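Below you'll find the structure, written out as structure tokens, and then a few comments.
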Amino acid sequence: MAHPGAVVVDVSNVCWSGDLAPRAHGAPGPVLGRLDTLITAWRGLHGADAPMTLVADRSLRHCLPPRDRSRWPSVARELDIQTAPVADELILRQAAESGLWVVTRDHYLDHRRHHRWIEQHPERFLRWRADGRAVSFEPLGITSAPHQLVSQHEEAKELKRVGLDTRRHREILLTRWRCANPRCLQARLWQDALLLWPEVDRDDRATCPSCRAPLTALGPRAAVRQLIVSAADDPDTEIIRFPLEAGTPVVLGRGRLECGVSLDGLPRSPARINRLSRQHVAVRLDEQGALSVVDMESANGTEVRNPGAADFRRLNPGDWVNVADRGQVRLGGVVVLELSGQRFLADPRRPPEHDHEAPATEISTTYEGRH
């Protein structure tokens, strides 16, 4: 059994916290002495033998003031501080494996999809509260987050990873791009225009996220969002996701579809997939990224439930109906459609299965979790 005071500490979070002593001199920044303050407070509550796992971002050392920077190697050895390019995953993995408390001020929204235990055990996440040099600990306040909010945080992290700055690269973000590399899978799948977010090179030029070739600008980009398709009786079982671009309707159903997405035969499709019609429903986005849907005279119907509604309501065939953000669309009682919170990104490794564009054997159609 783990020691009752066993904890993993987000060292970078602690050192950057301006309300912990000692205060920074000059410009705000991380201070190594704040870690000493927190360790003393924790062991004052749980005993000097309370195991403490300390994890820091690798970049922390370079952000410390000169005196702390010179002390870092000896302090890291003495306290056995572990480092990683980004500490979050290491913190969460160690906490999950060993049942540790987590001391942090990070709600880890961009990790909720892969670490569902965060919402199942919110009591294990604590924050510090400082009153002068007196430090106490209290619940961080982890609450359940809708997957759209999780997606937005994942997307912000991904934009940062590919080097896109929403202010500096505004022109790139608002432009449609095409990859002209004939050997690139994405170029073959999306011959008119990539529905992916580009990467940028060191010269701030847009490049293909798959083959890294320079991209050709095609003009202003329409709104793009991803649509998630899940099993109605198991919302955590995601069948497929695919990008929607404003002004381009997409048909969903079974069997071969021109300019559509077939849900028939996918590994995670429900056993009752035959309840879907060949052309069951069409979906589209408007220029603001809002979703609408029309039932195409399907045999088993299409239903919509918007946030706050107690249940789904059945649609009249042939009528386009707006779906509120975070609303759901249910097809034949078998599958549920809903927009991802991501507004820009489509995973370059996981394009949709468009029968008219590429053989299904060339692409992956199995998805784990939600973005």
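Hydrogens, waters and symmetry mates play no part in the numbers below; they use all other heavy atoms, side chains included. Remember, predicted model here, so these are calculated numbers, not experimental data.
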Point to revise | Partner residues of R313 under the side chain to side chain donor-acceptor pair (under 3.5 Å) criterion, sequence neighbours left out | key: none
Practice item. Identify the two heavy atoms, one from A217 and one from T175, that lie closest to each other, and give their separation to 0.1 Å. Key: CB-CG2, 3.9 Å
Exercise for review: Look at R326 together with E338 and state whether they make a salt bridge at an N to O cut-off of under 4.0 Å.
Suggested key: no
Review point. Under a 4.5 Å side-chain heavy-atom rule over Ile, Leu, Val, Met, Phe, Trp and Tyr, are V334 and F312 clustered together?
Key: no
Practice item. Report yes if the side chains of V229 and L331 come closer than 4.5 Å at any heavy-atom pair, otherwise no. Key: no
Check your understanding: Considering all heavy atoms of both residues, which atom of V200 and which atom of T207 are nearest to each other, and what is their separation?
Key -> N-OG1, 4.2 Å
Review point. Can you tell me how far the CG atom of L276 sits from the NE2 atom of H280, to the nearest 0.5 Å?
Key: 6.0 Å
Check your understanding: Can you tell me if D295 uses its side chain to pair, donor with acceptor, with the backbone of S298 under 3.5 Å?
Key -> yes
Check your understanding: Within a strict 4.5 Å, meaning less than it, do heavy atoms of the I228 and S230 side chains meet?
Key -> yes
**Study point:** Side-chain touch R254/Q279, heavy atoms, less than 4.5 angstrom
**Key:** no
Practice item. Establish whether V336 and V281 are linked, either directly or via other cluster members, by ILVMFWY side-chain heavy-atom contacts under 4.5 Å. Key: no
Review point. Does the S74 side chain pair with the main chain of R71, one donor and one acceptor, at a distance under 3.5 Å?
Key: yes
Review point. Do I91 and T104 pass the side chain to side chain contact (heavy atoms under 4.5 Å, CB included) test, and can you show the C-alpha distance, the side-chain angles, and the key distance before you say yes or no?
Key: CA-CA 10 Å; I91 290 169; T104 183; over 6 Å; no
Point to revise | Closest heavy-atom pair and its distance - P65, P30 | key: CD-O, 3.2 Å
Review point. Any side-chain heavy atom of L291 sitting closer than 4.5 Å to one from L227?
Key: yes
**Study point:** Joint hydrophobic cluster, V55 plus W72, side-chain heavy atoms closer than 4.5 Å
**Key:** no
Point to revise | Gap between atom CG of L90 and atom OG1 of T83 - 0.5 Å precision | key: 9.0 Å
**Study point:** Where P4 and W101 come nearest, the two heavy atoms and their spacing
**Key:** O-NE1, 2.9 Å
Review point. Roughly how far, to the nearest 0.5 Å, is the OG1 atom of T302 from the CG atom of L252?
Key: 10.0 Å
Point to revise | Expected output: side-chain T37 to main-chain A21 donor-acceptor under 3.5 Å | key: yes
Point to revise | OG1 on T40 to CG on L38, rounded to 0.5 Å | key: 8.5 Å
Review point. In this structure, which one of W128, W42, F125 forms a ring-ring contact (aromatic ring centres under 6.0 Å, His included) with F137?
Key: W42
Review point. Under 3.5 Å, is there a donor-acceptor pair between the side chain of D201 and the main chain of D204?
Key: yes
**Study point:** Closest heavy-atom pair and its distance - N181, C211
**Key:** ND2-SG, 3.4 Å
Check your understanding: If you measure from the Lys or Arg side-chain nitrogens to the Asp or Glu carboxylate oxygens, is any gap between D19 and R105 under 4.0 Å?
Key -> yes
Review point. Within the distance-only criterion (no hydrogens, no angle test), does the side chain of H46 pair as donor or acceptor with the backbone N or O of P51 below 3.5 angstrom?
Key: no
**Study point:** Verdict with supporting geometry, V103 and R127, side chain to side chain contact (heavy atoms under 4.5 Å, CB included)
**Key:** CA-CA 6 Å; V103 171; R127 58 176 287 162; over 6 Å; no
Review point. For L263, does its backbone N or O pair with a side-chain atom of S269 as donor and acceptor, under 3.5 Å?
Key: yes
Review point. Are V11 and L92 linked, directly or through other ILVMFWY residues, by side chains that come within less than 4.5 angstrom of each other?
Key: no
Exercise for review: Supply the atom-to-atom distance I142 CD1 to R112 CZ, rounded to the nearest 0.5 angstrom.
Suggested key: 4.5 Å
Practice item. Scan E123, R124, E119 and name whichever one has a side-chain hydrogen bond (donor to acceptor under 3.5 Å, both in side chains) with H121. Key: E123
Exercise for review: Could you tell me whether the side chain of D203 and the main chain of R205 form a donor-acceptor pair under 3.5 Å?
Suggested key: no
**Study point:** Chi angles and distances behind the side chain to side chain contact (heavy atoms under 4.5 Å, CB included) call for V294, V321
**Key:** CA-CA 6 Å; V294 60; V321 174; over 6 Å; no
Review point. Is R93 paired with D88 through a side-chain N to carboxylate O contact shorter than 4.0 Å?
Key: no
Review point. Atom OG of S292 and atom CZ of R284: how far apart are they, to the nearest 0.5 Å?
Key: 4.5 Å
Point to revise | Side chain proximity check, E138 to L126, heavy atoms < 4.5 angstrom | key: no
Check your understanding: Side chain of R61, backbone of R58: donor and acceptor closer than 3.5 Å?
Key -> no
Exercise for review: Kindly determine whether Q328 and E303 satisfy side chain to side chain donor-acceptor pair (under 3.5 Å), including the steps that lead there.
Suggested key: CA-CA 8 Å; Q328 295 179 317; E303 302 165 293; over 6 Å; no
Practice item. For L32 and D68, work out which heavy atoms get closest and say how close. Key: N-OD2, 2.9 Å
Check your understanding: Heavy-atom distance under 4.5 Å between the side chains of M52 and V9, does that happen here?
Key -> yes
Practice item. Evaluate whether atom CG of D49 has more than 12 neighbouring non-hydrogen atoms of other residues, nucleotides or ligands under 6.0 angstrom away. Key: yes
Review point. Would you say the ring centroid of W117 lies under 6.0 angstrom from that of Y108?
Key: no
Point to revise | Cation-pi, W16 ring and R34 (6.0 angstrom, 45 degrees) | key: no
Exercise for review: Without swapping roles, check the side chain of R225 against the backbone of S340 for a donor-acceptor pair under 3.5 Å.
Suggested key: yes
Exercise for review: Group every Ile, Leu, Val, Met, Phe, Trp and Tyr by side-chain heavy-atom contacts under 4.5 Å, then state whether V283 and V335 land in the same group.
Suggested key: yes
Exercise for review: For side chain to side chain contact (heavy atoms under 4.5 Å, CB included), just list the numbers for D10 and V102, CA-CA rounded to whole Å, side-chain angles, deciding distance to a tenth of an Å, and then say yes or no.
Suggested key: CA-CA 8 Å; D10 186 339; V102 181; 5.9 Å; no
Point to revise | Flag side-chain contact, heavy atom, 4.5 Å: P122 against P139 | key: no
Exercise for review: For D57 and L60, indicate whether the former's side chain and the latter's backbone hold a donor-acceptor pair under 3.5 Å.
Suggested key: no
